[in-house]
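Down below is the structure, laid out as structure tokens.
Heads up: numbering here begins at 1 and tracks the sequence.
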Amino acid sequence: MKNCILFLLTVSALWSCQSSGSPDSHASAVASVRYSADLPALSPEDQKRYHDTVAAFLESSLLKSGFNGSILVAKNGTVVYEQYLGYKDPKLKDTITAETPSQIASISKTFTSAAILRLVQEEKLDLDATLAQFFPGFPYADVTIRQLLTHRSGLPEYLYFFEKIGWERQVFATNADVVNTMITRQPARASLPGKRFDYCNTNFVLLASIVEKVSGLSYPEYMRQNFFEPLQMKNTFVYSPLNNMQVLKSYDWRGGEWQLDFSDGTYGDKNIFSTPRDLLRWDQALYSGELLDQKLLDSAFVPYSNERKTQHNYGMGWRLLLFDTGKKVIYHTGRWHGFNTIFSRLTDEKATIIILSN
């Protein structure tokens, strides 16, 4: 909840930058890193104005609370605010830098969605194909890929039913374990497919497994070959328990290290590590058309859950904030163990807000 409130407030702060005002001559220097050649360059005056407004807002709110992590705000692909605060390990006092990968948690779902859409674009996959095509003996064979992407599958949450069946907490579960356990144990559905929105991590574990079956590559390798390397996301990778020593750890509110458990072995729903600069490359690539056909990508930003009127909705792997003015914020939050993250795209304003914290 705090994450969403921070998001809403930060969006409001960034939009307020559109108004004119005299820049503060004592403000710190504005970042000048530029990630897009296709959008109009900001003038130095505009860069400074955006920077000063965002800085004033954050320094009076989030940064007063002992924030530990990284923040990046960009406009037209130009970084207007960037901050790295705190430590990878509070005991070692090793500072977080621009190259420190952090668990982006459910922001990972945006990448899994893109992988599925890429396979659709290549005519290797149909969004309305059912799970019977990919998982023989699967007891929920009528669920479609589209329903997985939009959290309308009605499937049970694996994080809960693994606890219920008594899976040993210290034994990492894999994506294959999730599929096989659903086949052998057949936990009850949460609802009928298509009936309602029900956010469920199982959906994106299954989607990652479908990427593997269709592409012939492991999910980590598919993401590396098709997204991370082409976009020069040099500090981005899919986590494996084998590279545990290489990653930023998470901590509880008392400063104790969060201990891993069975649920840290799966991917697709989470477990991509990245940095704000790499995520900005991801954001800019989504404007360029180099990864996905624009019409297909735009279909991921259409609200699918309209049972009741609300500003909040979900597309295909993306959360949506819909305003009465017609404006739309396309975003995803993430919360996993001690990690709290948000990645938001104000596509009308070509603005990007990225906050990663451990």
Practice task
Evaluate whether atom CD of Glu307 has more than 12 neighbouring non-hydrogen atoms of other residues, nucleotides or ligands under 6.0 angstrom away.
Solution key: yes
Problem - Val205 backbone acceptor or donor facing Asp269 side chain under 3.5 Å - result: no
Problem - Sub-4.5 Å side-chain heavy-atom contact between Leu291 and Leu231 - result: yes
Problem - Same apolar cluster (I L V M F W Y, side chains within < 4.5 Å links), Leu148/Ile183 - result: yes
Fill in the blank from the handout: Closest non-hydrogen contact found for Phe134 with Pro136 is O-CD, 3.5 Å
Handout entry: Test: Arg319 cationic atom under 6.0 Å from Tyr199 six-membered ring centre, within 45° of axis
Key = yes
Problem - Exam field: side chain Lys350 to backbone Thr347, donor-acceptor pair closer than 3.5 Å - result: yes
Practice task
Take Leu39 and Gln284 through the side chain to side chain contact (heavy atoms under 4.5 Å, CB included) test and state the conclusion after the steps.
Solution key: CA-CA 10 Å; Leu39 299 172; Gln284 294 299 294; 4.0 Å; yes
Problem - Glu290 side chain vs Ala285 backbone, donor-acceptor pair below 3.5 Å - result: no
Exercise for the section: Anything under 30° is parallel, anything over 60° is perpendicular, the rest tilted; go ahead and classify Phe262 against Phe162. Expected result: parallel
Exercise for the section: Mind jotting down which residue pairs meet the ring-ring contact (aromatic ring centres under 6.0 Å, His included) criterion with at least one end in residues 89-126? Sequence neighbours excluded, please. Expected result: Phe111-Phe228, Phe111-Trp282
Problem - Lys295 bridged to Asp298 by N-O distance under 4.0 Å - result: no
Handout entry: Tyr287 six-ring face occupied by Arg345 cation (under 6.0 Å, within 45°)
Key = yes
Exercise for the section: Check Lys249 against Tyr251 and note the closest heavy-atom contact, atom names and distance. Expected result: O-CE1, 3.4 Å
Practice task
May I ask you to decide whether Lys91 forms a salt bridge with Glu257, counting only side-chain N to carboxylate O separations under 4.0 Å?
Solution key: no
Problem - Any donor-acceptor N/O pair, Asp128 side chain to Arg146 backbone, under 3.5 Å - result: no
Exercise for the section: Examine His151 together with Tyr304 and report whether their ring centres are nearer than 6.0 Å. Expected result: no
Practice task
Classify the angle between the aromatic ring planes of Phe301 and Trp318 as parallel (below 30°), tilted (30 to 60°) or perpendicular (above 60°).
Solution key: perpendicular
Handout entry: Arg224 with Glu221: basic N within carboxylate O range, under 4.0 Å
Key = yes
Practice task
Before giving the answer on side chain to side chain contact (heavy atoms under 4.5 Å, CB included), spell out for Tyr267 and Ser108 the whole-Å C-alpha distance, their side-chain angles and the decisive distance to 0.1 Å.
Solution key: CA-CA 8 Å; Tyr267 47 63; Ser108 303; over 6 Å; no
Practice task
May I ask you to test the Tyr140-Met182 pair for a side-chain heavy-atom distance under 4.5 Å?
Solution key: yes
